[in-house]
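Computed from heavy atoms alone, side chains included, the values below leave out hydrogens, waters and symmetry copies. Proteins come first, then strands; the chains are lettered A, B, ... in the order of their sequence lines, and each starts at number 1. All of these numbers come straight from a predicted model, not from anything done at the bench.
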Amino acid sequence: MSTTRPAFTPQFMREDGDAAPWTVLRPDGQLEEGARPTLDDAQLREACELMLFSRAFDEKGFSLQRQGRFGTFSPVRGQEASVVGAAVALDPQRDWVVPQYRELPALLRQGLPLEQFMLTFLGDPRGGLAPEGVNVLPIQIGLAAQLPQAVGLAWGLARQGRDAVVLVFCGDGASSEGDFHEACNLAGTLGAPVVFLLQNNGWAISTPRSRQSAAVTLAARAPGYGIPGSLVDGNDLLAVHEVVSDAVGRARAGDGPSLVETLTYRLGDHNTADDARRYQPADELESWAPRDPIARVLAHLRSRDLWDDEHDAAVRARIGRRIDEAVRTVEGVEPPGVDHLFAHVGEELSPRLARQRADLIASVETR
Amino acid sequence: MSTTRPAFTPQFMREDGDAAPWTVLRPDGQLEEGARPTLDDAQLREACELMLFSRAFDEKGFSLQRQGRFGTFSPVRGQEASVVGAAVALDPQRDWVVPQYRELPALLRQGLPLEQFMLTFLGDPRGGLAPEGVNVLPIQIGLAAQLPQAVGLAWGLARQGRDAVVLVFCGDGASSEGDFHEACNLAGTLGAPVVFLLQNNGWAISTPRSRQSAAVTLAARAPGYGIPGSLVDGNDLLAVHEVVSDAVGRARAGDGPSLVETLTYRLGDHNTADDARRYQPADELESWAPRDPIARVLAHLRSRDLWDDEHDAAVRARIGRRIDEAVRTVEGVEPPGVDHLFAHVGEELSPRLARQRADLIASVETR
Amino acid sequence: MSTLNMLQAINATLRAELARDERVMVLGQDVGRLGGVFRATDGLLDEFGADRVVDMPLAEAAIVGASIGLAASGLVPVAELQFLGFSHQAFHQIGAQLARMRYRSQGRFPMPVVLRAPFGGGVRTPELHSEALEAQFVQSPGLAVVTPATPADAKGLLQTAVRSSDPVLFCEPLRGYRLVTGEVPDEDCPIPFGRSRVAREGDDVTIVAWSAAVQVAEKAADVLAEEGISVMVLDLRTLVPLDETGLIEAVAATGRCVVVHEAPLSAGFGAEVVATVNDGAFWSLEAPVARVAAPDTPYPPGRIEDLFVPTVARVVAAVRATVKAG
Amino acid sequence: MSTLNMLQAINATLRAELARDERVMVLGQDVGRLGGVFRATDGLLDEFGADRVVDMPLAEAAIVGASIGLAASGLVPVAELQFLGFSHQAFHQIGAQLARMRYRSQGRFPMPVVLRAPFGGGVRTPELHSEALEAQFVQSPGLAVVTPATPADAKGLLQTAVRSSDPVLFCEPLRGYRLVTGEVPDEDCPIPFGRSRVAREGDDVTIVAWSAAVQVAEKAADVLAEEGISVMVLDLRTLVPLDETGLIEAVAATGRCVVVHEAPLSAGFGAEVVATVNDGAFWSLEAPVARVAAPDTPYPPGRIEDLFVPTVARVVAAVRATVKAG
Ligand SMILES: Cc1ncc(C[n+]2csc(CCOP(=O)(O)OP(=O)(O)O)c2C)c(N)n1
Ligand SMILES: Cc1ncc(C[n+]2csc(CCOP(=O)(O)OP(=O)(O)O)c2C)c(N)n1
Ligand SMILES: [Mg+2]
Ligand SMILES: [Mg+2]
């Protein structure tokens, strides 16, 4: 491969200040000149299915929420390549994902049952439990707080000789928080095996990327921490996978952390409580539609005869069944009660907590 | 001038990764080839006197502290060029200094009476008052907290049409705090007229610069905020002055903030409570001695016949008298009392505070 | 008089304060084009321009820190923290910086800064959005902590906050934003800090509350009235400064007291209420002061938050027990 | 038994815990080569190596955040915050993250993390180094708040802290570091959390205190003994969990109570003590519970801090008044 991306000589350092992201798959689904996909056919189809799953779940989640059957949640819509491309660069057996809150398919890839994720957004505390062996931390609402935690996790795993890499997600908005800086800098000094996946989807609720920072690219922050940085087309599954795989490889080899910025776009509302039409320029939104990450992979797979209508229908049916099954399961879960206020607050209940629990149970019973 | 420093094309962006700081005055006091000092003769002598003042005060402060006549304080020793070179790039009438805690000569240049600074380190609350018209914020103990404050100050002054620039200091240690990041990034988005002067003196108490960050230079963080960054020899009064003057000029012209890293060295203990011999390698310390910022300016001035023994003696005598006078004044100040706990907590005392005040006065009287 | 909900009262007050004093600015996350995630700043950007109504990067410490600098420069920033839960990211800029700047500078830099933040539960938000953290700010000498419960108080207290030369943490009851409506004077009506409000007169027992708990107390009082228990409801309105005299008199008048708050019990501001009552009305007390609060557990997810946040039923039960005691 | 001061007890305990369990790590600013600004970690780097005793960059949120991740990975981080005043920079990682991770993950990620921090005044530190901020952490459900007053308790409570699977904020009394000495058992002596200690028996009145205020209380008790007033001193030792039973019994036994703490009065943990006593020992009280605390002002500079921090004289006066009351 002899294209221009010098692995981890980030584009933003080019003299002309141009910040062209790394691309493998063109919007029309054709490979860039000389590019060689880093995913084999089976992997590609699997990744594509995960992206479709994510999109289908977004739609289901929105409609359930509108019916009052689901809580406020943030769809992945538009960012599927960025999330899935990064996630499939991991080995779920040993690697970890530390999410922000908009990365459902990465959690699924790690083995988190969809039901757990759904329970969380149904407001059930039990959703927070990732079964033992599923290498994920809970979703994070306090923006950027997950970043130093991921560094500690990577550092701790390395210290114990585990051959693990931690992939941690954050948004362009979260990257303005102090925790982003402290985490990247700490990772640099420790050489911790962590990959910071900064999803620049153009928005933090209503705040456009242009007001979030004057930096030409956010990946340009990497040299300030002495770590490699890269800018990648976040709507290009193969580009994301390639760059993140490089970063994961470096981390696994003991060469420390990396910062990867995926340039992508939030196709619509921030969450089910938002109305993006108040602030998202219609023409900007439209300009991103042709770059839809799923359409791009599908076009590619179809052009290589790896996907046809029949397969498409089968995949979508399978996805639909799985989601419906999860909806049924979580809707059948017995509602949580007073015990779920007190369970897991600490190893044991102090006498004061035990009394509060007893009092609450009594007050609920007399209601 | 045709040397290699491309104004505000920071050195750390050079392809070879070399981070050579900008120098004007060589350690032997001779100007670099083709360099032209940006301070005229009178200004140079004045700046040199301020540096000597600072050094003399450090010594006095240490000896007073050892006698129990002064509190814990952090000397400027070794960093005089970095502090003074930056400060003299300002117009005290309209510009502001926001200090960390190790920048006495910058505060003096702005017009802060030495007595105020001394009162602070004597543990007297009244030291915190900078007289109206002296454009400084109080010294900052919560590291990096001053940085977003300085951005707000610069932004507010600009919004009110004042022609002001804010020079804010922080250390290499403080630059690891989240507030550093949030402040630089905010300044970039606002285009606020602020100059971040990052004094990299090699140490944060016992933590060497190498453990503080893996970045080759800390100035390399500037592109991550979309602002110009520069690395400068912090023991070179003229280099610091030149680079900071550029930055001040840009800010004044409405071209926004800059980050300037001065490479300097803390010649000895962190403060009067510290014993740097526990951790500061003797050879490192020695290697910096020949680069003493004051010796360098003195050599330069002498070589240009702008300084001779007689002048030297006169200056030192004047400095000694001024410091002695300040010591006498502050030692004669009536000790603060209960009123100084309550004054300036808020515009008025709530009834609860008024009662607490009365109670405390009563309890002191019955003692 | 106009009938407004909390949000409308706050929005109108911000608009009027921006118009009244050109030093006033509004800043925060999503306060501009979006008008805030709850629309508290709706329309202000269009009316006053991007110089005075400013969308800030996602960095709470920078929002508060910059407000300190803006105030030092002579302006009057009214900053929004999107939720009080995210004040923690700025905690070091609040107690140790904003609240202390006047003292640190010995009066040179008063801090006319308002930090507005919605807080409190019962509305099924995601994690960290609902915590009642008001007590954590009481130990920030120099900072006023203001907790209006009604639209009229929201207006009057916000006017005072904006016009004060001292910093104010202005905690807005999320639950009441749209639900709580009331008559709001059209004219200027600044309410001095440190004056509690008797929300309802009563003889048998005094319920002390603030913010959204006031409405819970009032509903409990309705229920109890039917049982013949006459309940006084005292709305503290501001926790700092605290209306000691009003509190002590209100409790002494009935001899019995129940405090209600949304925060967990331990070290909630209810403890300070009990301690103040103990100090000032001990000899009038006919029963121990009862506290109705959330348990000492994390604020839970939506499906069980109604078990966590004090309910009318729990307040009623506590009042009954207090009236019977002694 | 050995006679040690607080620092020696802490240092020896850290050394022993590092030796006992290789999952234990020490991390923080200047904890390595320097051995901490107070030498609490002196010698540990040489003995256990730079992998287990780690100098961290100057970033408190990263220190606490990384500790959360280390714990999730299976290690046992004991992090030092150089001063409790700088815990504010990490506040968002403490209450909303560290304390809540076990609950958030429904038990998957217990958090065996200790945050050690010196605090408290009387030693002429620069600004922000002396604040008694312990009460601000009580409303962090899931977090234990531990405040030893003696070297033996420092050892016993620190052992428990390190061995606990829950997070602990371990507040060390700066003033007592070198001044307070005592007998410390050489063998293992973990002290369970939530058990107060009767530091001195007495009949007339109970002083409740923790951390450096315990010694102030004891000195006051000495003075009062000469006047014939017999004072019980109760050292709470841990604020969370609180020894409700011990506290209530100790106050009920004398019928009178004075709480002493270094933090400002309003919403200090003393308020919780009063509220708990009000709840559990109301009918035994013969006088209101008195609080001796700092005023609600910023922690002042060194020259006037002795006016701010509660003195023996103020405690003595409060006890006298309490004994006379009623
Ligand atoms: C510390 C903190 N501040 C504010 C919020 C409120 N909030 C939730 S999502 C969001 C925008 C996040 O933007 P970004 O990081 O770009 O992620 P995206 O939603 O685009 O995926 C904000 C401000 C929060 N959750 N946490
Ligand atoms: C937020 C915060 N954390 C920790 C400290 C304790 N402390 C005081 S000075 C210092 C080192 C500062 O290093 P640097 O910023 O490089 O400044 P220098 O002392 O070298 O001038 C530390 C850790 C503090 N004052 N504030
Ligand atoms: Mg975003
Ligand atoms: Mg330094």
Residue [X] versus chain C: region with a heavy atom under 4.5 Å:
{"X": "B:Ile139", "value": "backbone"}
{"X": "B:Val151", "value": "neither"}
{"X": "B:Val194", "value": "neither"}

Top of C:Ala99, C:Pro110, C:Ala71, C:Gly74 for chain B proximity - count of heavy-atom pairs under 4.5 angstrom: C:Gly74

Looking at C:Gly142, C:Ser164, C:Ser165, which makes the most heavy-atom pairs under 4.5 Å with chain B? C:Ser165

Please classify the contact between [X] and chain B as side chain, backbone, both or neither, with a heavy-atom cut-off of under 4.5 Å.
{"X": "C:Gln89", "result": "neither"}
{"X": "C:Val54", "result": "side chain"}
{"X": "C:Met111", "result": "neither"}

Considering non-hydrogen atoms only, spot the tightest contact between B:Arg352 and C:Thr276 and give its length. NH2-OG1, 2.7 Å

What's the shortest heavy-atom distance between C:Pro141 and B:Val345, and which atoms? C-CG1, 4.5 Å

State whether the side chain of [X] and the backbone N or O of [Y] hold a donor-acceptor pair below 3.5 Å, judged by distance alone.
{"X": "C:Arg108", "Y": "B:Ala130", "answer": "yes"}
{"X": "B:Gln149", "Y": "C:Ala66", "answer": "no"}
{"X": "B:Glu347", "Y": "C:Asp166", "answer": "no"}

Name, in order of residue number, those residues of residues 156-164 of chain B that have a heavy atom at a distance of less than 4.5 Å from a heavy atom in chain C; otherwise write 'none'. B:Gly156, B:Leu157, B:Arg159, B:Gln160, B:Arg162

Quick one: which residues of residues 109-117 of chain B reach chain C at under 4.5 angstrom, heavy atoms only? none

With rounding to the nearest 0.5 Å, note down the distance linking [atom1] in [X] to [atom2] in [Y].
{"X": "B:Trp155", "Y": "C:Asp51", "atom1": "CH2", "atom2": "CG", "value": "9.0 Å"}
{"X": "B:Asn185", "Y": "C:Met56", "atom1": "CG", "atom2": "CE", "value": "10.5 Å"}
{"X": "B:Leu129", "Y": "C:Phe109", "atom1": "CG", "atom2": "CZ", "value": "9.0 Å"}

Using a cut-off of under 4.5 Å for heavy-atom pairs, which of B:Thr120, B:Val134, B:Val166 has the most such pairs with chain C? B:Val134

Count the heavy-atom pairs under 4.5 Å between each of B:Gln146, B:Arg355, B:Glu182 and chain C, then report the option with the highest count. B:Glu182

Side chain proximity check, [X] to [Y], heavy atoms < 4.5 angstrom:
{"X": "B:His344", "Y": "C:Ser105", "answer": "no"}
{"X": "B:Asp179", "Y": "C:Gln93", "answer": "yes"}
{"X": "B:Leu137", "Y": "C:Arg104", "answer": "no"}

Are a donor atom and an acceptor atom from the side chains of C:Gln97 and B:Gln140 found within less than 3.5 Å of each other? yes

